[in-house]
Student: 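Shown below is the structure under consideration.
Convention: sequence-line order gives letters A, B, ...; per-chain numbering from 1. Values in this document were obtained by computation on a predicted structure and should not be read as measured data. The figures that follow rest on heavy atoms only: side chains count, while hydrogens, waters and symmetry mates do not.
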Protein chains: 2
Amino acid sequence: MKLDERKKKILSSVVEDYIASAEPVGSKTLVEKYKLNYSSATIRNEMKILEDEGYLEQVHISSGRVPSTKGYRYYVDNLMKDKNLSMLDINYIDNTITGYGDIGKLLEQAADVVSKILLRPTVLTLKSSDLLEHIKIVKISEKLLLVVIMSQNGTVKDCIAKLTDSIPDERIEELSEVLDRNLLGTPLENLHIALNKMIEKDLQKFSNILGEISESVKYELNKERKKLSANVESILDLPEFSDVEKAKNFVNILSTKEIIDDTLLSIKDENLGIIIGSENQELLLKDYSIITLNVGDKDKTVGKLSVIGPKRMDYSKTVATLKYINHKFKNLLPTESKNNKEMK
Amino acid sequence: MKLDERKKKILSSVVEDYIASAEPVGSKTLVEKYKLNYSSATIRNEMKILEDEGYLEQVHISSGRVPSTKGYRYYVDNLMKDKNLSMLDINYIDNTITGYGDIGKLLEQAADVVSKILLRPTVLTLKSSDLLEHIKIVKISEKLLLVVIMSQNGTVKDCIAKLTDSIPDERIEELSEVLDRNLLGTPLENLHIALNKMIEKDLQKFSNILGEISESVKYELNKERKKLSANVESILDLPEFSDVEKAKNFVNILSTKEIIDDTLLSIKDENLGIIIGSENQELLLKDYSIITLNVGDKDKTVGKLSVIGPKRMDYSKTVATLKYINHKFKNLLPTESKNNKEMK
DNA sequence: ATTAGCACTCGGATGTTTTAAGTGCTAAAG
DNA sequence: CTTTAGCACTTAAAACATCCGAGTGCTAAT
């Protein structure tokens, strides 16, 4: 159904007022706060129609209106205006994401700053289908090795392997080069298996040390696959969670990996995905919205940032923030061919 | 004042019941649940005395008793029995703290597992007065360096430095060795300054690259100094925080660095410190208790693990858990002289 | 020294009344 | 035909009132 201008104005006013106030919006508020040149009665009639069409809802029969999922969707698709970030927020982002550290760390910083600006938990999902670009073993003390792993999207991870027997420097270098030559393109999640396989193949002489490296790598990479949820506490400030049971419920959903995993998986590779309320496959998420940014370029994304919270969410500001983050990352990401190819 | 056996028994029963139930404990409960062979009237008389002496409190005139700070203190000092950890908990700890990774990461794992077992937030404070043992620069691609920093207590940190100009391998090695030779013993918090000073001294030729390394090091080390607070959400399950305002309040205290910093600083170098309620200097913490473990040996500690929560806390289990953690760390910590001296 | 018994206190649960915000509808006005 | 004034009606939430039970302190008897 096409909405006429007045209905559009009313709908967007209801959405924006509700986003700001968390209170159901009544006809009088609407007339007073937004310059609608009609009487409250007229607005009431219009709101009734918008409700019949499914854009608005009443929490009870004599209450003001609240946007429905359909209403938010219409707002996001047709009515929402681009918002500019405040200088404050831009500075905050620029000062936090400084460009030191590898992409994994940059993404963590991004998740953190996004959650602070938007006052919503933010889930970071590192792209897991990542392939090994380079591996390097560095001796840092007699019985300690540092294993440096660089993946094809530029993430650098490292871990310590403790040795039971010491081993001469040149053997380490030899091992490092053999591994680097043979393991190119290995999916990171299988790296520890590939390392173990190397023992059987041609590296029996490194049997012990390889086993130890493998264990350490396995631990580090599996750990890293875990998602980071930044700023979960922020929900306590939302009126939606003034009842602690609801807060607990939401925290539980957030920490149930399967729910978040499945949902985020369902987001296609579009750059910015918005799932509102009952659009979620998962029933438990029917009152929440998720806005996900696939960080990076269309063809090559490095991870997902997902802002998650009650449907009542500042969609406009969230989109603006995420777009700015992505813009920033495009500048920060290594221009592939240039930097990565030299690691030996 | 010396308490007779019966009073001791009553006090410890009140404490333990209240710890378990979060409800004020009445004379009848006490007689029934704990094998006190006296009538409720007798118990009431004794409780009155215990209240007059300041060990117990009433939340209102006709309610059961709740331990006061003094009561908890007496319990902790005199009545509390050593508790054995369940096999479940021991296994959980053993499986989580696996010994891969450097001490910083091990401590993070420890904070995490402690908070999960005790269902309380746990703050990890890394020992900040740490000195440089070794620094090593590794080239990982044409314009990326990995800076590995090993401190004297065994923590390994590393960060990426991005270069504007590439630099030949042998120069890197030279630089790495010069730095390692000259910076031994530098406090980590000043490392970036020391690096910059090196430019003025004898390393003008490395001017650019040193600047870039310094920036990166500065960022990484300052970031790491931040405390980690594990499992803040756990408080939502406590009846104390059924009012969300109180939860918010506590979360705010936890995230106000100064409060926690100052308080933790006040804990002497004893291995295990317990601060109960109003024993805290900080007024805001008067309803909370903090149990802190200085991880490591008396002479050489590597960090602090602090379990924080309402005064109603399972002191016995907390102490047992922390002791086990410390025991574990003593085994994991490098035996100083052996491992650390080889990094070149 | 202990305890049965009782009057007393008070928080919390339950029920009732009031208030304020907001609606839908009707009928009149534009 | 559209808009609006006016009013009866609905409901959540706040304010107030009542009741109940867990628990106490004290007295007097054991």
Student: For the residue pair Tyr75(B) and Glu16(B), confirm or rule out a side-chain donor-acceptor distance under 3.5 Å.
Tutor: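 Their side chains do contain a donor-acceptor pair, which is all the 3.5 Å distance test asks for.
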Student: Does a donor on one side chain and an acceptor on the other come within less than 3.5 Å for Arg44(A) and Ser40(A)?
Tutor: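 There is such a pair between these side chains.
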Student: With the threshold set at 4.0 Å, does a side-chain nitrogen-carboxylate oxygen contact exist between Asp314(B) and Arg120(B)?
Tutor: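 Between Arg120(B) and Asp314(B) there is no salt bridge, as every charged N stays at least 4.0 Å from the carboxylate O atoms.
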Student: For the pair Glu240(B) and Arg312(B), find out whether any cationic side-chain nitrogen is under 4.0 Å from an anionic carboxylate oxygen.
Tutor: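 Judged by the 4.0 Å cut-off on N to carboxylate O distance, Glu240(B) and Arg312(B) do form a salt bridge.
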Student: Please determine whether a side-chain nitrogen of the Lys or Arg among Asp287(A) and Lys311(A) lies less than 4.0 Å from a carboxylate oxygen of the Asp or Glu.
Tutor: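 No, no charged N to carboxylate O under 4.0 Å.
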Student: Send over the distance from Met47(B) CE to dG25(D) P, rounded to a whole Å.
Tutor: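 About 8 Å, once rounded to whole Å.
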Student: Base, sugar-phosphate or nothing for Ser40(A)? Non-hydrogen atoms, less than 4.0 Å.
Tutor: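 Contact class for Ser40(A): none.
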Student: Who are the ring pair (Phe, Tyr, Trp, His ring centres under 6.0 Å) partners of Phe250(B), not counting sequence neighbours?
Tutor: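 Per chain and number, Phe250(B) pairs via ring pair (Phe, Tyr, Trp, His ring centres under 6.0 Å) with Phe241(B), Tyr288(B).
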Student: I'd like a list of close polar pairs between nucleotides 28-30 of chain D and the protein, N/O only, cut-off under 3.5 Å.
Tutor:
none

Student: Could you go through nucleotides 5-7 of chain C and list every protein N or O atom that sits under 3.5 Å from one of its N or O atoms, giving the distance for each pair?
Tutor:
unit_1: dG5(C); atom_1: O6; unit_2: Arg44(B); atom_2: NH2; d: 3.3

Student: Nearest to the side chain of Thr42(B) - dT3(C), dG23(D), dC26(D)?
Tutor: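 Per side-chain heavy atoms of Thr42(B), the pick is dT3(C).
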Student: Rounded to whole angstroms, how far apart are CD on Glu51(A) and C1' on dG24(C)?
Tutor: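 These atoms are roughly 11 Å apart.
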Student: Under 4.0 Å between a Lys/Arg side-chain N and an Asp/Glu carboxylate O for Lys8(A) and Asp4(A)?
Tutor: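 No, no charged N to carboxylate O under 4.0 Å.
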Student: Within the 4.0 Å heavy-atom criterion, would you say Ser63(A) contacts the bases, only the backbone, or no part of the nucleic acid?
Tutor: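 Answer is sugar-phosphate: Ser63(A) comes under 4.0 Å of backbone atoms only.
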Student: With the threshold set at 4.0 Å, does a side-chain nitrogen-carboxylate oxygen contact exist between Asp17(A) and Lys33(A)?
Tutor: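 Salt bridge between Asp17(A) and Lys33(A), a charged N being under 4.0 Å from a carboxylate O: yes.
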Student: Distance check needed: dA22(D) P versus Arg65(B) CZ, whole Å only.
Tutor: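 Whole-Å distance recorded here is 18 Å.
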Student: Whole-Å distance between dA1(C) C1' and Glu46(B) CD?
Tutor: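 Interatomic distance, CD of Glu46(B) to C1' of dA1(C): 10 Å.
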Student: For the side chain of Asn45(B), starting at C-beta, report the closest nucleotide among dT4(D), dG25(D), dT3(C).
Tutor: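 Of all the options, the side chain of Asn45(B) is nearest to dT3(C).
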Student: List, with names and distances, any nitrogen or oxygen atoms from the protein found under 3.5 Å away from nitrogen or oxygen atoms belonging to nucleotides 8-10 of chain C.
Tutor:
unit_1: dT9(C); atom_1: O2; unit_2: Ser62(B); atom_2: OG; d: 2.8
unit_1: dC10(C); atom_1: O4'; unit_2: Ser62(B); atom_2: OG; d: 3.4

Student: Atom CD of Glu57(B) to atom P of dT24(D): distance rounded to whole Å?
Tutor: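 Roughly 15 Å, once rounded to whole Å.
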Student: May I have the distance from Leu56(B) (atom CG) to dG23(D) (atom P), rounded to whole angstrom?
Tutor: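 Checked: the CG to P distance equals 15 Å.
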Student: Main chain of Val25(B), side chain of Thr29(B): is a donor-acceptor contact present, judged purely on distance under 3.5 Å?
Tutor: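 No, Thr29(B) side chain to Val25(B) backbone: no donor-acceptor pair under 3.5 Å.
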Student: Is it the case that the side chains of Ser39(B) and Thr42(B) hold a donor-acceptor pair, with the cut-off being a distance below 3.5 Å and no angle test?
Tutor: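 Present: a donor and an acceptor within the cut-off.
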Student: Is the shortest side-chain heavy-atom distance between Asn280(B) and Ile290(B) below 4.5 Å?
Tutor: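 Contact flag for Asn280(B)/Ile290(B) side chains = yes.
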Student: Under 4.0 Å, counting only non-hydrogen atoms across every strand here, what does Lys28(A) touch: a base, just sugar-phosphate, or nothing?
Tutor: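 Lys28(A): no heavy atom of the nucleic acid under 4.0 Å.
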Student: In the structure I gave you, are the side-chain heavy atoms of Leu254(B) and Ile308(B) within less than 4.5 Å of one another anywhere?
Tutor: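 Yes, close enough: below the 4.5 Å cut-off.
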Student: For DNA chain D, which residues of residues 241-250 of chain A approach it to below 4.0 angstrom with any heavy atom?
Tutor: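 Within residues 241-250 of chain A, no residue comes under 4.0 Å of DNA chain D.
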Student: Output yes when a side-chain donor or acceptor of Ser316(A) lies under 3.5 Å from a complementary backbone atom of Lys81(A), and no otherwise.
Tutor: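 Between the backbone of Lys81(A) and the side chain of Ser316(A) there is a qualifying donor-acceptor contact (under 3.5 Å).
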Student: Sequence neighbours excluded, which residues qualify as ring pair (Phe, Tyr, Trp, His ring centres under 6.0 Å) partners of Tyr315(A)?
Tutor: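 By the ring pair (Phe, Tyr, Trp, His ring centres under 6.0 Å) rule, Tyr315(A) matches Tyr72(A).
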